[in-house]
Structure formats: structure tokens, C-alpha cells
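Okay, structure first, notes after.
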Amino acid sequence: MFILKEIKLKKEIKIFSPATVANVSCGFDVLGFCLDTIGDEMVIKKSNTKGIRITKIEGYSHKIPYETEKNVAGVSALALINDFKPDYGFEIEIYKHIKPGSGIGSSSASAAGSVYAINELIGKPYNTTQLTNFAMKGEAIASGTEHADNIAPAIFGGFTLVKSCSPLKILQIPCPPDLYATIMHPKIEVKTSESRAILPKKIDLKHAVTQWANLGSLIHAMHVNNYDLIKESLEDVVIEPYRKKLIPNFDLVKTKSMNIGALGCGISGSGPSIYALSKGKQKAKEVAIAMREIYSKTNIEFDIYNSSINMNGIKIINN
Ligand code: HSE
């Protein structure tokens, strides 16, 4: 049986590994959602030589190392094969469309993509939680900590909540059908490690109470499709006040987006990208226009994306 299964398995796979928005205002380090219009492509091939080799990096390849032990896709893939112990290896090609340091899960897309693809090539012995665990090893070398709020939505799709990291427990949160995201990516680099370093080690109890009330009510609102309550809950009184200083025009973008009717607007992950969530595609487009208008007046290059919520996460492009 085993030999027959081996023969049927693919030798090569191409995947789309999506960008993600972590934190989502009130859910620092625990909440995230998956985008569907922006992501990396990766090709993973079985090789007769044991181990993991990064053979190609194109697109935003600047400063991304080829050494397996220094590359996030390589490190997560190593974590998987150290557990599975195949008597063959894998070659990884990365077509990087998500700029590193953009705040929309660039390193997570690479870390999650390699383990997802290898799992497919070896007959899917691992579940999504186990894959998230392997990918966290790769993410850790990029950000300095093992956190799963970008990796989980890339692998599971939709909105995810990291209930705990050890043991790893991921909850999939239902998502109202009309939720659309707008992403403004100012092309300045904000390193996750630096953006974490400016955060306080202790927070006021009153801010903590507000934050966990917001997170709880957001999760409830998502379950009952209550857009008004989503809007009331998308507030971050703990992290945003510190990090927004790193993002030019953050307050203006947020105020304009909310005036136009966005449900919420905040920092995507550790920045510099800004996300907004809106009810309906049309509203998300209007928010994008307002964001464009503001950034067009600066000398900062930027990209703007509109995206529905990607409910499936990483996708196989060929079969
Ligand atoms: N939760 C993380 C942070 C996401 O905000 O630092 C970035 O990797």
C-alpha cells in the first residue's frame, strides 16, 4: 500500500501563499485574517539529495538569504523534515511578491508556504496545526519570537485566533460574507523586531480591560454577523498609540477611512501597512481612493490593495 501511495505522489508543486493581516487592532499577537489578492508564489520540488535547498528567489529578493538555516522558508521546512525524516530532499523556489517588512505577513507567507507544499508532496501526514507549528520556527528567525497570528490565517484561511502557542491551539473564527479589506502599504521598512522593541513591557489595567472587552465583542460580532458591533470593537488602545508614530499620516488615513464609513482601520501587523475593513466591496474601494489621495501628496511610494477575505488560505496553483 505504502509503495503505491508513494508512486502517486507529485514530485513538484506550485502554490500561492497569501499575505495576511495580524493583530486586527484589538487582537495583538493572537488574531489575524487572510488576504486573497496579494501573495507569493513558490515551487517546491522533490530531490534525490537529502535536505532543503533554496534554489531561486525572485521578486522582492533583496537581502533574503539563500542559506537554508537563515531563510524562513528553509528553517520551517527543516523543522518538518527533521520530524518526518524522508530519505530524499526538497528544492524551494520563491517568487516574492510581498515586500519583506511590509506588515502583511511576508515572512509568514514563505514560512507557511514551504511546509504546506512539502506536506502535499509527502502525502499530507500533518494537519494544519502541526504545519503552523513548523512554520513558526521559520517566522521566529524573522521577528525574534514564535508567534502564529500571520501563519495561522495563511494556513487555515479566514480569521484565526491563536488560543495558545504552547501547546499550539488555533481557533477558526467565522467571518461575515460582506467583509472586505483595504490595505495601504507605504514603502518604508518597519522591522518587526524594532516595532516590538518600542512596546511597553507593562500596560495599564484599564487599557487591558478595554482591549479584552473589544476582542471578546469582536469575536462575538463575527459569529453573529453584527457589523455595527464589529465597528465598535475594532479599537486598539494598547499597541497602536506606540506604533502609529512609525507610520507617516497614520492618523489622517484612519480618520478619513472611518469618516467614509470603514468599520475599522488600524496597523496591519507590526506596520507600516495600514488595514481597513469595510462592509461591501464598494465601500472598501472608496476607502482605497481616500488612502491614495492622502499618500499621493507625500513623496513616499505606496501600494494599495482591495481584497476579500481568503477563506481557504494557501492554494495549489498547478496539479
Ligand atoms: N503580532 C505581530 C506584531 C505581527 O504585531 O508584532 C507581526 O509579525
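Just the heavy atoms: all of them, side chains too, but no hydrogens, waters or symmetry mates, feed the values below. Quick caveat, the model's predicted, so the values are computed rather than measured. For ligands, and for the atoms within them, numbers begin at 1 and follow the listed sequence.
Cluster partners of I141, using a side-chain heavy-atom cutoff of under 4.5 Å among ILVMFWY residues and allowing indirect links, are V72, V75.
Among residues at least two apart or in separate chains, ring-ring contact (aromatic ring centres under 6.0 Å, His included) pairs with a member in residues 151-172 are F33-F159.
Using a 4.0 Å cut-off between charged side-chain N and carboxylate O, K244 and D251 make a salt bridge. A salt bridge does not link E12 with K46: every distance from a Lys NZ or Arg NE/NH1/NH2 to an Asp or Glu carboxylate oxygen is 4.0 Å or more.
A heavy-atom cutoff of 4.0 Å around ligand 1 is satisfied by the protein residues A22, N23, F28, D29, H147, D149, N150, T192, R196, R243, G269, S270.
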Pairs of donor and acceptor atoms involving the side chains of residues 205-221, under 3.5 Å and at least two apart or interchain, shall be tabulated with distances.
| from | atom 1 | to | atom 2 | distance (Å) |
| --- | --- | --- | --- | --- |
| T210 | OG1 | K206 | O | 3.0 |
| Q211 | OE1 | V237 | N | 2.9 |
| Q211 | NE2 | D236 | OD1 | 3.0 |
| N214 | ND2 | T210 | O | 3.4 |
| N214 | ND2 | E235 | O | 3.4 |
| N214 | ND2 | E235 | OE1 | 3.1 |
| S217 | OG | A213 | O | 2.9 |
| S217 | OG | N214 | O | 3.1 |
| S217 | OG | S233 | OG | 2.9 |

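K279 forms a cation-pi arrangement with Y227, by the criterion of a distance under 6.0 Å to the ring centre and an angle within 45° of the ring axis.
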